[in-house]
Amino acid sequence: MRQTAGREAETPHVTHELARFASGIRYEDLPADARFMARQCLLDWLGVTLAGSQEPLALMLRAEAAEEGGAARATLFGGGARTSMGQAALVNGAAGHALDFDDVLGAMTGHPTAPVAPAALALAEGRGLDGRRVIAGIVAGIEVEARLGRVLGDSHYAKGWHATGTVGAFGAAAAAANMLGLDAEQTARALGIAGTQAAGLKSMFGTMCKPLHAGKAARNGLMAATLAERGFTSRDDVLDCVQGFTDTQTETFRPEALLEETDRFHILDTLFKYHPACYGTHATIEACLGLAENPAFDAGNVERVEVKVPMSALRMCNIPAPTTGLEAKFSLSYNVGLGLTKKATGALDIYFDENLDRPDVHAIRETVAVEGSDDLRPYTADVVVHLGNGVALRGTGDVGTPADDLDRQWEKLEGKFRALVAPLLGSRPAGALVEAVGSLDDAGDVGAALAPAAAEIG
């Protein structure tokens, strides 16, 4: 813990405060908007998970789970099979992040639902917990992710840690601990067990390991809670002690952040994706789509494109010459080409390997210069397109503002869900799943409610 004994009385004990907070969340005490947002997070996650369940990395993990075996207690979504709770959390967690189409939370600097939902649903099926437990667990998990993210500050992510894997492990543990009814002391131990397992390197972006981070966080967090329930020991101050998680993984430890904005739920700040690529590219994509509609724009006459993004984006999504679809999701220059040629439609296949060889996109990509700026807020971008006739067109993108109309957002997420799931399962099962998630509060049997998602795809 980077504070003297004298300072300990002046700052909150982070592990204990988070454990107390997470263990105290109850469905009946949650405001309606937090419950609604939890259902939105779950609907979006389920849609991208079903679509991602057919990705090669998900099929490999499913084969690994089948070979390993285990009690059939939880569903592999889109896999037509059941497996152990831990394997289901792992496989579903990785599948949910496979397309990089899942939600984002700025306070966490990562993807909040990808580690939390698979742990919560596997536990609900395995232990027979109802939908209200799932909703409370999702809120608890995402709140812990957000609050821990604020405590860690910028340096954890900047140093090269993938917060979806690291912070996500704590979120999954908090969700599962809440659903199991663990008290604050048990939850603190669960956070300790999660913390000693937490991992994930940003250097793996553009490979199958990035989605694996989400799956491992889900599985490790779930195991942390169930082991704590059994009495497994760990330190109860993993976020505060010398050589603990914050001591080893951040230079911007701010325990006082726990005392800020305690009267609101951070889950309401969740941002949703409408392009299946790294969220750091979305503001640039939106700026380019807007420029492409300018009457003065001519895609065949682009001479130079200047892109200015927050500094954090440079080490997150700036692969200059992607050679695979996964890499293209993390390439600002490639996504400039997609946006200016109006090919950034939100369709999954624009990032398929076989569709990367587009001469018009490549021609624009080679003109792009990306620059980082300390003056830009997260998830914003400035784009200037210089045309051969001397005309310069300027555009901006901002995808960092949470929605204030949750009903409208549900409609958009339902449209995204149906577009992803109906081609895989059919329109009727897709609609049944929308209804099931929308009424999850009343579901006594979560596995039965989400049964259409258990069908084998392909």
Donor-acceptor pair between H213 and H162 side chains, under 3.5 angstrom: yes
For F272, does the six-membered ring have the charged nitrogen or CZ of K416 within the cation-pi criterion, i.e. under 6.0 angstrom from the centroid and within 45° of the normal? no
Looking at every non-hydrogen atom in both residues, tell me the closest pair between T83 and A88 and how far apart they are. CG2-N, 3.5 Å
Do K273 and D44 meet the salt-bridge criterion of a basic N to acidic O distance under 4.0 Å? no
Donor-acceptor pair, distance only, cut-off 3.5 Å: does the side chain of N220 make one with the backbone of A194? no
Which heavy atom of L268 sits nearest a heavy atom of M37, and at what distance? O-CE, 3.8 Å
Grab the two heavy atoms, one from V139 and one from A38, that are nearest each other, plus how far apart they are. CG2-CB, 3.9 Å
So with a 6.0 Å cut-off around CZ of R315, is the heavy-atom count from everything else above 12? no
E286 and H275: side chain donor to acceptor below 3.5 Å: yes
Output for pair (L43 CG, Q409 CD), nearest 0.5 Å, gives 11.0 Å
More than 12 non-hydrogen atoms from neighbouring residues, nucleotides or ligands closer than 6.0 Å to NZ on K329, yes or no? yes
E145 and V116, any side-chain heavy atoms less than 4.5 Å apart: yes
So V437 and L450, do their side chains get closer than 4.5 Å, heavy atoms only? yes
Count the heavy atoms belonging to other residues, nucleotides or ligands that lie under 6.0 Å from CG of D405, then report whether that count exceeds 12. yes
May I ask you to decide if I193's main-chain N or O and Q197's side chain share a donor-acceptor pair within less than 3.5 Å? yes
Nearest-0.5 Å distance, CE of residue M208 to CD of residue E55: 8.0 Å
T166 side chain to W161 main-chain N or O, any donor-acceptor pair under 3.5 Å? no
Can you check whether F330 reaches C278 side chain to side chain, under 4.5 Å on heavy atoms? yes
Mark yes or no for whether Y157, through its side chain, and G110, through its backbone, hold a donor-acceptor pair below 3.5 Å. no
May I ask you to test the V309-V370 pair for a side-chain heavy-atom distance under 4.5 Å? yes
Taken to the nearest 0.5 Å, the spacing of L222 CG from L227 CG works out to 9.0 Å
Do the side chain of R35 and the main chain of L30 share a donor and acceptor less than 3.5 angstrom apart? yes
Main chain of L239, side chain of T15: is a donor-acceptor contact present, judged purely on distance under 3.5 Å? yes
Should the heavy atoms of other residues, nucleotides or ligands under 6.0 Å from CZ of R394 be counted, would the total exceed 12? no
CG/D441: more than 12 non-hydrogen atoms of other groups inside 6.0 Å: yes
Do S23 and T187 have a side chain donor and acceptor closer than 3.5 Å? no
Please examine the side chains of I267 and E143, heavy atoms only from C-beta on, and report whether any two atoms are closer than 4.5 Å. yes
Could you walk me through whether W45 and D103 satisfy the side-chain contact (heavy atoms from CB on, under 4.5 Å) test, starting with their C-alpha distance in whole Å, then the side-chain angles of each, then the deciding distance to 0.1 Å, before giving a yes or no? CA-CA 8 Å; W45 176 83; D103 58 20; 5.8 Å; no
Side-chain donor/acceptor of H13 to backbone N/O of H16, under 3.5 Å: yes
Considering only heavy atoms from C-beta outward, does the side chain of L212 approach that of L61 to under 4.5 Å? yes
Are a donor atom and an acceptor atom from the side chains of D130 and Y27 found within less than 3.5 Å of each other? no
Any side-chain heavy-atom pair from V385 and L340 closer than 4.5 angstrom? yes
Is there a donor-acceptor pair under 3.5 Å between the side chain of K308 and the backbone N or O of G372? no
Examine R189 relative to F232 and say whether NZ or CZ is less than 6.0 Å from the centre of the six-membered ring and inside a 45° cone about the ring axis. no
Spatial distance of atom CZ (R230) from atom OG1 (T226) [nearest 0.5 Å]: 6.5 Å
May I ask you to establish whether R147 and F21 are in a cation-pi arrangement, using a distance under 6.0 Å from NZ or CZ to the six-membered ring centre and at most 45° from the ring axis? yes
Pick one: which of R133, R73, R82 meets salt bridge (Lys or Arg N to Asp or Glu O under 4.0 Å) with E125? R82
Could you go through R132 and E28, starting from their C-alpha distance and side-chain angles, then the distance that decides it, and tell me whether this counts as salt bridge (charged side-chain N to carboxylate O under 4.0 Å, His left out)? CA-CA 9 Å; R132 295 189 175 195; E28 55 271 18; over 6 Å; no
Hey, would you say the Y274 and F101 ring centroids sit under 6.0 Å apart? no
Non-hydrogen atoms of L42 and L440 that approach each other most closely: CD2-CD2, 3.5 Å
Considering all heavy atoms of both residues, which atom of F417 and which atom of L433 are nearest to each other, and what is their separation? CZ-CB, 3.8 Å
For T75, is there any backbone N or O sitting under 3.5 Å from a side-chain donor or acceptor partner on N92? yes
Any chance you could lay out the side-chain contact (heavy atoms from CB on, under 4.5 Å) test for L90 and M85, step after step, and finish with the verdict? CA-CA 9 Å; L90 170 65; M85 293 191 300; over 6 Å; no
Just do the side-chain contact (heavy atoms from CB on, under 4.5 Å) check on T396 and T380 with the steps written out, would you? CA-CA 7 Å; T396 61; T380 61; over 6 Å; no
Taking all non-hydrogen atoms of both residues, which atom of L326 and which atom of A98 are closest, and how far apart? CD2-O, 4.2 Å
Is the number of heavy atoms from other residues, nucleotides or ligands under 6.0 Å of E185 CD greater than 12? no
Could you give the distance from CG (L420) to CG (L50), rounded to the nearest 0.5 Å? 9.0 Å
Please determine, by modelled atom types, if S439 and E435 share a side-chain donor-acceptor pair under 3.5 angstrom. no
Under 3.5 Å, is there a donor on one side chain and an acceptor on the other for E229 and Q186? no
For H156 together with F245, are the ring centres under 6.0 Å from each other? yes
Tell me whether E260 is salt-bridged to R150, with the criterion being a basic N under 4.0 Å from an acidic carboxylate O. yes
Report yes or no: does Q40 contribute a side-chain atom to a donor-acceptor pair with the main-chain N or O of L406 at less than 3.5 Å? yes
Taking the side chain as everything from C-beta on, heavy atoms only, tell me whether T196 gets closer than 4.5 Å to V238. no
Check step by step if salt bridge (charged side-chain N to carboxylate O under 4.0 Å, His left out) holds for R304 and E306. CA-CA 7 Å; R304 187 171 82 260; E306 299 169 356; 3.2 Å; yes
Could you give me the CA-CA distance, side-chain angles and deciding distance for L148 and L18, then say whether side-chain contact (heavy atoms from CB on, under 4.5 Å) is met? CA-CA 8 Å; L148 178 55; L18 286 179; 4.3 Å; yes
So how far is it from L121 CG to T49 OG1, rounded to the nearest 0.5 Å? 9.0 Å
